[in-house]
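Written below as structure tokens is the structure these notes are about.
Please read all numbers here as calculations on a predicted model, not as lab measurements. One-based numbering along the sequence shown. First listed ligand is number 1; within each ligand, the first listed atom is number 1.
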Amino acid sequence: MDSPKASAACPSNWAHNTARRLLARPLPQRWAHTCGVARRAEQVARILMPEDLDTLVSAAWLHDIGYAPGVADTGLHSLDGARYLLRVGVSRQVCGLVAHHSGAAAVAEQVGLADELAEFEDVPGHLKDALWYSDMMTGPDGRPTTLDTRLAEIRRRRGPDDPVVRALAVNVNERRAAVRRVHRLLRRTQPTKHSSGTRVGGMSA
Ligand SMILES: [Fe+2]
């Protein structure tokens, strides 16, 4: 297996290839969604510092690999994906982003895996928000969507007893807040007639 360390010069290329290898054939719809999330991540990357762009896009490619046969283990895909990535040498930062993406902590509570998920650091900030935004604003077919449409689709597809749906009672506000923060930053970094836009990632501004 190709190692991310061997591809350290361009980790998002490694992430893309790894996600394709794990998802494209066995889970084509999950792969379509992943491609859409990576596209979204590239679109919102302007809110980040330049050194964080590749981390975001890598995490976007890898965020759902925990569904792949051979990676899935506990049934909590964020944990399984992060553990796989740690085993193959991916940075702790990307592992943490994958582990905690899109309200995973509340799902972990639902399935009794909170302690296991806590093996990975959950770092609040623009990187985390940008990944959640990219996932929440992309439908299962990879097309852009709205947060409300996405939440309705999750409820419909999974049903009321699914842990992800039960966890929405806890994490829906957190999901909305992340999306709102990214929208606000995107508006502030929108290039205008008079300016080429301001990068505010990692900002105090
Ligand atoms: Fe996703």
Side-chain angles (χ1 to χ4, degrees), residues 12 15-45 55-85 90 93-108 110-111 113 117 120 122-123 126-159 162-168 170-172 174-179 181-183:
S12 63
H16 181 178
N17 291 334
T18 298
R20 182 172 50 206
R21 177 172 56 78
L22 292 169
L23 295 173
R25 197 181 296 246
L27 300 171
Q29 189 168 32
R30 186 60 59 182
W31 172 238
H33 165 75
T34 295
C35 292
V37 174
R39 274 195 299 274
R40 273 283 199 189
E42 285 170 354
Q43 289 161 6
V44 303
T55 301
L56 172 64
V57 175
S58 296
W61 281 119
L62 297 166
H63 80 286
D64 273 351
I65 61 162
Y67 286 112
V71 178
D73 177 25
T74 65
L76 181 61
H77 78 280
S78 54
L79 174 64
D80 294 343
R83 282 178 165 173
Y84 172 88
L85 293 171
V90 168
Q93 185 182 26
V94 170
C95 293
L97 285 164
V98 169
H100 290 281
H101 78 268
S102 305
V107 184
Q110 291 287 333
V111 297
L113 289 169
L117 195 69
F120 296 93
D122 182 16
V123 181
H126 299 329
L127 254 174
K128 174 180 170 175
D129 285 350
L131 180 61
W132 286 39
Y133 175 96
S134 302
D135 192 20
M136 287 296 91
M137 301 290 282
T138 304
D141 57 1
R143 293 186 192 165
T145 188
T146 64
L147 178 61
D148 285 334
T149 303
R150 177 84 160 111
L151 291 171
E153 181 277 322
I154 288 171
R155 288 190 169 101
R156 195 170 51 244
R157 173 165 48 93
R158 291 180 173 273
D162 187 282
V164 173
V165 175
R166 291 203 312 268
L168 285 175
V170 177
N171 67 22
V172 73
E174 205 183 354
R175 292 182 190 231
R176 287 191 189 284
V179 167
R181 285 192 294 269
V182 172
H183 270 145

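A donor-acceptor contact shorter than 3.5 Å is absent between the side chain of S12 and the backbone of S58.
In D64, the N, O or S atom that comes nearest to the Fe ion (ligand 1) is OD2. Of all N, O or S atoms in H33, the one lying closest to the Fe ion (ligand 1) is NE2. Atom OD1 is the N/O/S atom of D135 found closest to the Fe ion (ligand 1).
The minimum heavy-atom distance linking F120 with R83 is given by the pair CZ-N, 3.8 Å.
A salt bridge is absent between R156 and E153; no separation between the charged side-chain nitrogens and carboxylate oxygens falls under 4.0 Å.
Among the backbone and side-chain atoms of H63, an N/O/S atom is found under 2.8 Å from the Fe ion (ligand 1).
Rounding to the nearest 0.5 Å places SG of C35 at 9.0 Å from CG of L23.
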